[in-house]
**Student:** 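Sharing a structure with you now.
To find a chain, count down the sequence lines: A is the first, B the second, and so on, and within it residues start at 1.
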2 protein chains.
Amino acid sequence: MIFGPPNDFREKSNSYRAVGELRRLIFSGELSPGSDHLETELAERLGMSRTPVREAALMLEAQGLVEVRPRRGMRILPVSPEDMQEIYDILTELEALAAANAAKAAQENRDLTALERSISDMEKALEADDRQAWADADERFHAALVHLGGNGRIEAITAMMADQVRRARAMTLYMRPAPVKSHEDHCGVLEAIRAGDAEAAHRIHHAHRKEAGALLIGLLRRHRFHQL
Amino acid sequence: MIFGPPNDFREKSNSYRAVGELRRLIFSGELSPGSDHLETELAERLGMSRTPVREAALMLEAQGLVEVRPRRGMRILPVSPEDMQEIYDILTELEALAAANAAKAAQENRDLTALERSISDMEKALEADDRQAWADADERFHAALVHLGGNGRIEAITAMMADQVRRARAMTLYMRPAPVKSHEDHCGVLEAIRAGDAEAAHRIHHAHRKEAGALLIGLLRRHRFHQL
DNA sequence: TTTCTCTTTAATGTATACATTAAATTATGC
DNA sequence: GCATAATTTAATGTATACATTAAAGAGAAA
């Protein structure tokens, strides 16, 4: 879990740089799920000593991305369809709550440009049939929505879960149908927030995540089946 | 967040022992919220070198309990009423989901003894007017419920949040009225799970957490007011 | 061959040394 | 006296040395 604002001194420290680097390597797939990596090896790869690498590994373990086992190195935790089910169940509840809270706070918080922009970015990506751009904008939409909800801990938790979803989505991005229904849902949520209708925002977003989750998990299971 | 089963080798390592020790010191109030603690100081206190202490501090930071600031030491994050509101909002959603899932899984999973025992422990504590025993049993009830829900990530998240709640509850335990309404709610949830009624389990537990949260936060605000 | 034991290897966990640098302190000019 | 600059202090971030010990491998007995 990534709490608090990103402090500037973190960027100067090798430990936190290692966290960022390792995250990048994990999400890009260069460190594949299930693989083990020794501290020495990673230290050489990142051009630093074992100390900051080791500290980074422990932080990533505390965040649930890897497992540190003595003498076997840092293991990149695989994400099974069962894991993804757990994650989507959580995202569904917490994001729907955030949507409702965003709608309740709509009076004070009128800046919905982030939501609007991500929706229009998704439209453009859909026209251009650019799946990756669509996925990026979709992620921005969800992040913006959760941010509007105003609960920092929900932001931290969903950001962590989004990390995992990104890994799964990379595998299934080109298997799914063009996300047209998603677009309607997003617009519906935005309008409900504009109107200050918390109940509608919650209901639409809850259904949206539930459907998207079922779709992704179905694809994941098929994907795993094909791999066997 | 504490992922995965507690591996035995962790108990032998000073780093993980330090995590446990520091958590104990934080929850017992020996390290008070808002206070700063230098690595050297903590290392001496725990009887080990700076290395494992530092690693523990970074793990606790990744879990959201403390903040590590260069040259100022490890700061124990205070828990404001606003923080507690965030936490209860999350607990409300995730535990209610767990309750619903537990009810759905009631056919397979018939072992409700943990729930039953914690409820009877609460009854006993209530009769003996032992607030601390009641709070402990209440915590066990919620933990058992979430465990029955079967989502390991929800378990990890709620366990982390429960840590924070415990700190707040320590302040307000003797301010609140005798928790009689809670008892009815707990029994209601248990019966709904027995009956496999997911909707009822969700509804009752959701309302239960919402009320309990409002009560605790009200007390916290008053408590803070008195401290000023 | 297989299995058990002993030896060797090497990765980790920890302590420690040291360079860096923010903060505190002193000194200096106004 | 006050503000600013120079100096000192000390806590951290990192590298490295080393003891520990799990795992791998070799060797002997069945």
**Student:** Taking the minimum atom-to-atom distance to the side chain of A:Thr40, which one of D:dA15, D:dT12, C:dT12 wins?
**Tutor:**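 Among the listed nucleotides, the one closest to the side chain of A:Thr40 is C:dT12.
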**Student:** Between C:dA23, D:dT14, C:dT14, which nucleotide gets closest to the side-chain atoms of A:Ser15?
**Tutor:**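 Out of C:dA23, D:dT14, C:dT14, the nucleotide with an atom closest to A:Ser15's side chain is D:dT14.
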**Student:** Whole angstrom is fine here: how far is it from CZ in A:Arg54 over to P in D:dT14?
**Tutor:**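 That distance rounds to 15 Å.
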**Student:** Once you round it to whole Å, what is the distance between C1' of C:dT12 and CZ of A:Arg75?
**Tutor:**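 From A:Arg75 CZ to C:dT12 C1': 19 Å.
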**Student:** How are the rings of A:His208 and A:His186 set to each other: parallel, tilted or perpendicular (split at 30° and 60°)?
**Tutor:**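 The arrangement is perpendicular - the two ring planes meet at more than 60°.
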**Student:** Among C:dG13, C:dA22, C:dT14, find the nucleotide with the atom closest to the side chain of B:Arg71.
**Tutor:**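 Closest of the options to the side chain of B:Arg71: C:dA22.
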**Student:** Nearest to the side chain of A:Arg50, heavy atoms from C-beta on, is which of D:dG13, D:dA15, D:dC18?
**Tutor:**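 Of the candidates, D:dC18 comes closest.
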**Student:** Starting at CZ of A:Arg17 and ending at P of D:dT12, how long is that distance when rounded to a whole Å?
**Tutor:**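 From A:Arg17 CZ to D:dT12 P: 21 Å.
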**Student:** How about B:Glu93 and B:His206: does a side-chain donor come under 3.5 Å of a side-chain acceptor?
**Tutor:**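 There is such a pair (donor and acceptor under 3.5 Å, judged by atom type) between the side chains of B:Glu93 and B:His206.
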**Student:** If you check every side-chain atom of A:Thr51, which of D:dT12, C:dA15, D:dA15 has the closest atom?
**Tutor:**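 So the nucleotide nearest the side chain must be D:dA15.
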**Student:** Does the side chain of A:Ser80 come under 3.5 Å of the side chain of A:Asp83 through a donor N or O and an acceptor N or O?
**Tutor:**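 Indeed, the side chains of A:Ser80 and A:Asp83 share at least one donor-acceptor pair under 3.5 Å.
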**Student:** B:Glu39 side chain: which of D:dT12, D:dT16, C:dT14 is closest?
**Tutor:**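 When the side chain of B:Glu39 is considered, D:dT12 is the closest of D:dT12, D:dT16, C:dT14.
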**Student:** Expressed in angstrom and rounded to an integer, what is the separation of B:His37 atom NE2 from D:dT12 atom P?
**Tutor:**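 So the NE2-P distance, B:His37 to D:dT12, works out to 12 Å.
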**Student:** What is the separation between atom OH on B:Tyr16 and atom P on C:dT12, rounded to the nearest whole Å?
**Tutor:**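 Atom OH in B:Tyr16 sits about 12 Å away from atom P in C:dT12.
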**Student:** So, is B:Ser13 close to the C:dT14 phosphate, meaning a side-chain N or O under 4.0 Å from OP1 or OP2?
**Tutor:**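 So the side-chain polar atoms of B:Ser13 do come within 4.0 Å of the phosphate oxygens OP1 or OP2 of C:dT14, strictly under.
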**Student:** If you compare every side-chain N and O of A:Asn14 against the phosphate oxygens of D:dT14 (OP1, OP2), does one of them come in below 4.0 Å?
**Tutor:**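 Answer is yes, contact under 4.0 Å.
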**Student:** Hey, does the side chain of B:Ser35 reach the backbone of B:Leu31 with a donor-acceptor pair shorter than 3.5 angstrom?
**Tutor:**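 Between the backbone of B:Leu31 and the side chain of B:Ser35 there is no qualifying donor-acceptor contact (under 3.5 Å).
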**Student:** Both A:Gly73 and B:Gly47 contact DNA chain C. Which one's nearest nucleotide lies toward the 5' end?
**Tutor:**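 Closer to the 5' end of DNA chain C: A:Gly73.
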**Student:** Round to the nearest Å and state the distance from B:Arg69 atom CZ to D:dG13 atom C1'.
**Tutor:**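 Distance, rounded to whole Å: 17 Å.
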**Student:** For the pair made of CG in A:Leu42 and P in C:dA11, what is the distance, rounded to whole Å?
**Tutor:**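 In whole Å, C:dA11 P and A:Leu42 CG are 12 Å from each other.
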**Student:** Could you tell me whether the phosphate oxygens of D:dA11, OP1 or OP2, come under 4.0 Å of any side-chain nitrogen or oxygen in B:Arg72?
**Tutor:**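 Answer no for this pair, as no side-chain N or O of B:Arg72 is under 4.0 Å from OP1 or OP2.
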**Student:** From CG of B:Leu46 over to P of C:dA15, roughly how many Å is that when rounded to an integer?
**Tutor:**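 Rounded to the whole Å, the gap is 11 Å.
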**Student:** Applying side-chain contact (heavy atoms from CB on, under 4.5 Å), run through B:Ile90 and B:Thr158 and close with a yes or a no.
**Tutor:** CA-CA 8 Å; B:Ile90 294 170; B:Thr158 55; over 6 Å; no
